[in-house]
Amino acid sequence: MKIIRVTYLALAAVFSAVSCTKEAAEPDVYDWETGEIYFKPSISDAAYSRAQDMTLDRLESFQVTCFNMPDRKKDPSGYVAPYFGNATFIRDGSVIRGTFVSAPDEESYVWPANNGLIRFFAFSPSLTSMANGNPLPEGNMNGYFDLINRSTETQSNVAVRYRLGKVRINPDISRQFDFVTAEASGERLKDFMGGVDLAFRHQLCQVELRAWGASTSYNFEIAGVRIGNPVVEGEFILADDTAPSTAGTWATADETVKDKVEYIYRGAGSSGTGNEPAAGDMIFRINSLEHRSQESAGSIMGIGGNAMVLPTVNGKWEGLSDPNIDNTPYSTDRMYFSVLMRITNISENSRVVYPYPGNPDSMNVIYYAVDNSGRIVTRLYPGNRADEYVTEQGQRYELKQSESIKEFGWAAVPVEVNWEAGKRYIYTINYTEGAGWRDPEDPKPGEKILKDNVLIDFEIADWIEGPQTEISVPRK
């Protein structure tokens, strides 16, 4: 068996920029005469903002394919030949900290004996991890998360359309992954002693919604978020025949799929998939004491964390101005944010004004049992009789004295986006003067809720900090 250990230079920055550091120098204890391929991790110094963010400490494995590169002088007509493909490398803490070696159940590799140049392509998480738990249309996995390479078929002298077909993001924000890739070239005499640097890049966009409000008439309670119509499925090209790139690229918009992604708050140990809160999500409150100013705005993403989506360019949803608004069923592929909220009137003894009381059949309503502190106990569903609620398993729910039942409805805010890979986008929603429109999936989409002049502050956090802009939802 050939022996080779690959250590990978680790992933790039986590959506907020800072300087790049490398692992401290450590004794060389490998037998370099064996010609082992290895990589030493490096990563930008950046704080992460969600459980799924990929960092050097969290990088436990990745997959790599490498190609022999032709010698153009000796063999002008030569083409790229795979040297090894789709190999898994894991963290090896027993020898050098931060070193990654080939998985013990897979073949190991060494540098080519002729000192030929080889080109590495790496990504994480693995194909299996990306496919695991990702609900796909009609359950059909064909073409999803497959590595595709046409180099040998076409006898191309580059890695022709070496790509991941149909990378798909989970619609449940709490189950999404951080997709990172890397590319590097190396040769034995130059790189086997010091290792090959393999810098990973984040290839998704991270989106966070925050909220505040200074209304003197209404209190707001929030229990979920929805991002409407980002790109959730596409083809990632690690190398292309026309424009090889060290960063990799996503396929054109014609080859992508848009959908909604969301996180609906949960109780502890609920049957929802993904990350379950240890003691249930807390209702996010905007009232006289909480989140009353821009400075006190807070994240409304819940335990699900910030959303991860493919790079997206999309115009904003037109609401009632959409010429198709009266279609049944109605749908749109334009962009919006929707917030699961409950609005009460301050001057009328906290009377519920949204979702509209007494007419639940005319809109999509979500019910929760909530304790006195505002923590969600469980999600509920209307039973067969008035004032009867059942759990997801269909069991009648007996309300405790310390609990109350609260209902929530979706309220949408149109937004125009141009999201790039590797950037974190933060939107702060100001509910001082309005609540937005009824959600596109609501039976009466686009109708104004209270007032519709919701404001959004927008910023980009990453290697490049973007300007803040303020967007007002158009009035009807």
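Residues: numbered from 1 along the sequence shown. Small disclaimer: the values here were computed from a predicted structure and weren't measured.
Between atom CD of residue E318 and atom CH2 of residue W437 there is a gap of 8.5 Å, rounded to the nearest 0.5 Å. Expressed to the nearest 0.5 Å, how far CD of Q63 lies from OG of S126 amounts to 5.0 Å. A distance of 10.5 Å separates CD1 in I300 from NE2 in H291, rounded to the nearest 0.5 Å. Note that CG of L209 is 9.0 Å distant from OH of Y427, once rounded to the nearest 0.5 Å. The CG atom of L238 lies 9.0 Å from the CZ atom of R119; values are rounded to the nearest 0.5 Å. In this structure, CD in Q203 is found 10.0 Å from CG in D178, a value given to the nearest 0.5 Å.
Ion pairing of E392 with R379 is absent here, as no side-chain N (NZ or NE/NH1/NH2) approaches a carboxylate O to less than 4.0 Å. Looking at R424 and E208, a side-chain N of the basic residue comes within less than 4.0 Å of a carboxylate O on the acidic one, giving a salt bridge. Here R226 pairs with E441 in a salt bridge; the nearest charged N to carboxylate O distance falls below 4.0 Å. Salt bridge present: D172 and R266 bring a charged side-chain N and a carboxylate O closer than 4.0 Å.
Between Y263 and Y265, the ring planes are tilted. Angles from 30° to 60° get that label. Using bins of under 30°, 30° to 60° and over 60° for the plane-to-plane angle, the ring pair Y336/W317 lands in the tilted bin. In this pair, F179 and F123 present their aromatic rings tilted. The plane angle is within the 30 to 60° band. Aromatic ring pairs are classed by plane angle as parallel below 30°, tilted from 30° to 60° and perpendicular above 60°; the pair F120 and F84 is tilted.
Side-chain contact check for Q176 and N170: no donor-acceptor pair (N or O, by modelled atom type) lies under 3.5 Å. With hydrogens and angles left out, the side-chain atoms of T65 and Y162 include a donor and acceptor closer than 3.5 Å.
Scanning all heavy atoms of the two residues, the minimum distance from L117 to S185 falls at CD1-CB, 4.1 Å. Contact between M341 and F220 at its shortest, heavy atoms only, is SD-CD2, 4.0 Å. A pairwise comparison of heavy atoms in M301 and I173 identifies CE-CD1, 4.1 Å as the closest pair. When all heavy atoms are compared, the tightest approach of M308 to I169 is O-CG2, 3.1 Å. Closest heavy-atom contact between V64 and A122: CG2-CB, 3.7 Å. Taking both residues in full, the closest heavy atoms of P440 and T332 are given as CB-CG2, 4.0 Å, listed atom of the first, atom of the second, then distance.
Between C66 and F121 there is no side-chain heavy-atom pair separated by less than 4.5 Å. Contact annotation: the side chain of W212 approaches that of T428 to within less than 4.5 Å [non-hydrogen atoms, C-beta and beyond]. Looking at heavy atoms from C-beta onward, R168 lies in side-chain contact with V232 at the 4.5 angstrom threshold. Contact of the F145 side chain with the N132 side chain is not registered, since no non-hydrogen atoms from C-beta on lie closer than 4.5 Å. Between P230 and M335, the closest side-chain pair of non-hydrogen atoms falls below 4.5 Å. In this structure the side chain of V231 never reaches within 4.5 angstrom of the side chain of W419, judged on heavy atoms. At a threshold of 4.5 Å between non-hydrogen side-chain atoms, the residues I366 and I264 count as touching. Inter-residue side-chain proximity for N314 and N229 is flagged as met; some heavy-atom pair is nearer than 4.5 Å.
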Run L204 and H202 through side chain to side chain contact (heavy atoms under 4.5 Å, CB included) and show every step you take. CA-CA 6 Å; L204 299 178; H202 293 269; over 6 Å; no
Side chain to side chain contact (heavy atoms under 4.5 Å, CB included) between D146 and L164, worked out: CA-CA 5 Å; D146 288 342; L164 264 66; over 6 Å; no
Would you check, one step at a time, whether the test side chain to side chain contact (heavy atoms under 4.5 Å, CB included) holds for Y425 with K423? CA-CA 6 Å; Y425 296 86; K423 290 185 171 58; 3.5 Å; yes
Under the side chain to side chain contact (heavy atoms under 4.5 Å, CB included) rule, what do F458 and I460 come out as? Steps first, then yes or no, please. CA-CA 7 Å; F458 162 60; I460 304 173; 3.7 Å; yes
Is there a salt bridge (Lys or Arg N to Asp or Glu O under 4.0 Å) between K166 and E233? Walk through the geometry before answering. CA-CA 6 Å; K166 292 187 180 179; E233 180 184 303; 5.2 Å; no
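A side-chain contact (heavy atoms from CB on, under 4.5 Å) with V339 is found for one member of I429, V413, D439 and no other, namely I429.
Looking at N327, its side chain never comes within 3.5 Å of a backbone N or O of P329 through a donor-acceptor pair. Judged by distance alone, with hydrogens and angles left aside, the side-chain atoms of T312 form a donor-acceptor pair with the main-chain N or O of L310 at under 3.5 Å.
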